Amino acid sequence: MKIYNTMSRSKEEFVPIKPGKVKLYACGPTVYNYFHIGNARAFLFFDVVRRYFEFRGMEVTYVQNITDIDDKIIAQAIEEGIPFSEVAAKYTFAFLEDAKRLGLKAPHFQPRATGVMPEIIALIHALQKSGHAYEADGDVYFATASISQYGSLSGKKVEEQLAGARVAENTKKRNAADFTLWKRAKAGEPEWDSPWGKGRPGWHSECVVMSRQYLGETFDIHGGGVDLVFPHHENEQAQAYALTGKPLANYWMHNGFLNIEGEKMSKSLNNFFTAREILAEYDAEVIRFFFLSKHYRSPIDFNRELIAESARALKNFHAAFKSVDFLQVQDSPSIGGYESAEREFNEAMDDDFNTAKAIAVLFELAHQAKSAELPMPERIAAAHMLYHLGGALGFFQSLEEPAQDINHLTEDLINLIISYRVSARTEKNWALSDKIRDDLKALGVILSDTKEGCTWTVET
RNA sequence: GGCGACAUAGCCAAGCGGUAAGGCAGAGGUUUGCAAAACCUUCAUCCCCCGGUUCAAAUCCGGGUGUCGCCUCCA
C-alpha cells in the first residue's frame, strides 16, 4: 500500500519495520477545553488508519498522547478559577467521553504528559549533555543549529524564515528558531523540580518520550494535523535526531484542515464548534461519513447543509440493510460473490487511504442489496460485504434501531390511535386519516403506509 | 518575504497519460386514496484560462488567474 509521506512529499510504498506490525502514533488533544470539530477530523482519520490496518490483518499498536500541562491549560485554569490539574482532569474526561461518542476505538495507549515527567526531564538533560540544548536563566532551549536535519520535515530553511516572519524577540535564544524544552515557572504556576530549577516542559518533548517509550526508537507512522508539521513535528524530529541520529518515524502523515464556510475556524471569527455540540445535533456516523467522503489531505469545508447531505447519503446504507432484513440474517453465513468489491475497496484504501473512492464501492454494494431484480441470497451477500467493508471505516457500529425514549403506555397509545386511523381509511375517510397523520407528525410521530400496513417512527 | 496545497456538473467529490466513479439535489417513472418512504431510469462532448509535449492530457511541462493554508498557540 502507498502512503503520502510528508517527509518526501510523495506517495511511498509502505514498508513496516516489522512485517505484519504497525506502530502508529498520533498527536492527541491538549485538554484545556472541549475538543473542536477540526480536532475530530484528525482523531477520526487516524481511527480509520488504525481500523484499516487491522482490517487487513496487521497487528497495530496505536498510541495517542494527552497533553495535560500547557500554557493554554494554565490560562483556562485562571479563567475558570480552579487549579490547572482540575482543568486537565475535567477536559481529559470530556475528551474520552466525546471520543467514545464519536465512535473512536480507544488507542492501545493514551499516556499523559504529566505521567512521564521524569522521562521528559531525562530527555532534556541528555540533549543538554550532548550539546544540543542549552540553559538560559532557568529556561532550556534546543539548539536547532546543532543538527543538520533541522527543517527537513517541513521544508523550511531557517535563515530564510526570519526575514518576514513574526518571530517574537527573545534575547535568551541563541537562534531565533530555537525552541523551548523547559520553561521556568513563574510564581503560582504549576512546577516540577528539575536540574534547572522549578518549571515545566515545553510542548515538543512529551511526544518524543511517549512515542519512543511505547513504540521504540524509530516507529512506523507519526500523524497529526497539517498545522503540526511545523513547528511541533519538526521539533520532535530534531530531538530524536539529536538523541540517536535516527529518524523518529519513517512515515509522517498529516490530515488537512477543516474550514467553516470557507474560512478558518477560530474563536475570534466566532465560527468555532466543539465536537460535543455537533454530536448533539448529528449522529456520529453522519460526521464520520462527512469526513471520509473527502480525501484526508484536502481541506474540507464544514457547514450544516453539507452535514445534512451526508445524513441523506448515509440513508442508502441503512435502507440496504433494511431491505434484506439484515438484523435477522446478520449471523447467517454469507454466500460470497462480492470479492471483487472487496478488492476494489482495498485498492482504493491502499492508495493513500482514498476513503472517498472506497465509499463509492459501498454505494455499489448498497445498490445491489436493494435491487429487487437480484435473488435474495445475492442481495444478502451484498449486504454482508457492505457491513464487512463499512466496518473497516468504522461505519455500522450500531445497526440496531436507536433506542427510543418511549414507554409501553405511549407505545400502546400510538398503536391505538393508528388502529382508529386504519378504520377511518377502511371507510375512505381521508379527511380524518390525514388529520390523524398530521397531528401525530406535529408530535414527532411519523406514520408511513406501506404494503405491510402502517408503521411509525419517532422523529429524532 | 519564504514554503505549500487546491481549482472537475446546481452542490459535495473520485480520477494523476487512454477518452469523465460515486453521493446529494433536480427531472421522468413504478408503487400509493393522498403523503412519506422505497425502488427503477435519467442528469458534465467535457474538467479555471492561454500556450506546449504526445498517436492520445482533466491528468505531464511552461505562463497566467483565483481560493486557501503554514511560517505565532492550534488538528
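A note on names: the letters A, B, ... follow the listed sequences, proteins ahead of strands, and every chain is numbered from 1. Computed from a prediction, not measured in an experiment: that's the story for all the values here.
In summary, the aromatic rings of A:Y141 and A:F179 are positioned with their centroids too far apart to meet the 6.0 Å limit. Residues A:H222 and A:Y25 place their aromatic rings such that the two centres sit under 6.0 Å apart.
Rounded to an integer number of Å, the gap from A:H36 NE2 to B:C73 P is 15 Å. The CE atom of A:M349 sits 20 Å away from the P atom of B:G22 (whole-angstrom rounding). Atom CG in A:L292 sits roughly 17 Å away from atom P in B:C24 (whole-Å rounding). One atom, NE2 of A:H232, and another, P of B:C74, lie 7 Å apart when rounded to the nearest Å. Rounded to an integer number of Å, the gap from A:Q368 CD to B:C39 P is 13 Å. As rounded to whole Å, 17 Å separates atom P of B:U32 from atom CG of A:D434. Taking atom OH on A:Y296 and atom P on B:A13, their separation rounds to 17 Å, with Å as the unit. The NE2-C1' distance, from A:H367 to B:A38, rounds to 14 Å in whole Å.
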Taking only nitrogen or oxygen atoms into account, show me every contact under 3.5 Å that the protein makes with nucleotides 18-20 of chain B, one pair per line with its distance.
none

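In this structure, A:G224 reaches the sugar-phosphate backbone alone: every heavy-atom distance under 4.0 Å involves primed, P, OP1 or OP2 atoms, never a base. Residue-level contact check: A:L447 touches the bases, meaning some heavy atom is under 4.0 Å from a base atom. Using a 4.0 Å heavy-atom cutoff across all strands shown, A:D449 reaches at least one base atom of the nucleic acid.
Ring orientation note: the planes of A:Y387 and A:F396 are close to parallel, at an angle under 30° on the 30°/60° scale.
In this structure, A:K428 does not reach the B:G33 phosphate: none of its side-chain N or O atoms is under 4.0 Å from OP1 or OP2. Listed pair A:N39 / B:C74 fails the phosphate criterion, with no side-chain N or O lying under 4.0 Å from OP1 or OP2.
In summary, the side chains of A:Y296 and A:D352 do present a donor paired with an acceptor at a separation below 3.5 Å, with no hydrogens or angles considered.
Going from the C1' atom of B:C73 to that of B:A5 covers 22 Å, rounded to whole Å.
Counting only heavy atoms from C-beta outward, the side chains of A:L104 and A:R288 approach each other to under 4.5 Å. For the pair A:F395/A:L386, no side-chain contact is recorded, criterion being any heavy-atom separation below 4.5 Å from C-beta on. Two residues are said to be in side-chain contact when any heavy atoms from C-beta on lie closer than 4.5 Å; A:I300 and A:L306 fail this criterion.
Take the nearest nucleotide of RNA chain B for A:C27 and for A:D301: the residue whose nucleotide is more 5' is A:D301.
With hydrogens and angles ignored, no donor-acceptor pair under 3.5 angstrom links the side chain of A:R9 to the base of B:G4. Between the base of B:A75 and the side chain of A:R41 there is no donor-acceptor pair shorter than 3.5 Å. One can find a donor-acceptor pair under 3.5 Å joining the base of B:C34 and the side-chain atoms of A:R437. Between the base of B:C74 and the side chain of A:K264 there is a donor-acceptor pair shorter than 3.5 Å. Side-chain to base pairing of A:N259 with B:G69: no donor and acceptor N or O lie closer than 3.5 Å to each other. At a cut-off of 3.5 angstrom, counting only N and O atoms as typed in the model, there is no donor on one side facing an acceptor on the other between the side-chain of A:E364 and the base of B:G22.
When Watson-Crick and G-U wobble pairs are counted only if both distances are under 3.5 Å, B:U31 pairs with no nucleotide at all. With both pairing distances under 3.5 Å, B:A13 is matched to nothing as a Watson-Crick or G-U wobble pair. With a cut-off of 3.5 Å on both Watson-Crick or G-U wobble distances, the partner of B:G51 is given as B:C61.
The aromatic ring of A:F257 is stacked on the base of B:A75, with the two ring centres less than 5.5 Å apart and the planes inclined by under 30°. Ring-base stacking between A:W430 and B:G33 is satisfied, the centre separation being under 5.5 Å and the plane angle under 30°.
Note on A:R437 versus A:D449: salt bridge recorded, some NZ/NE/NH1/NH2 to OD/OE distance being below 4.0 Å.
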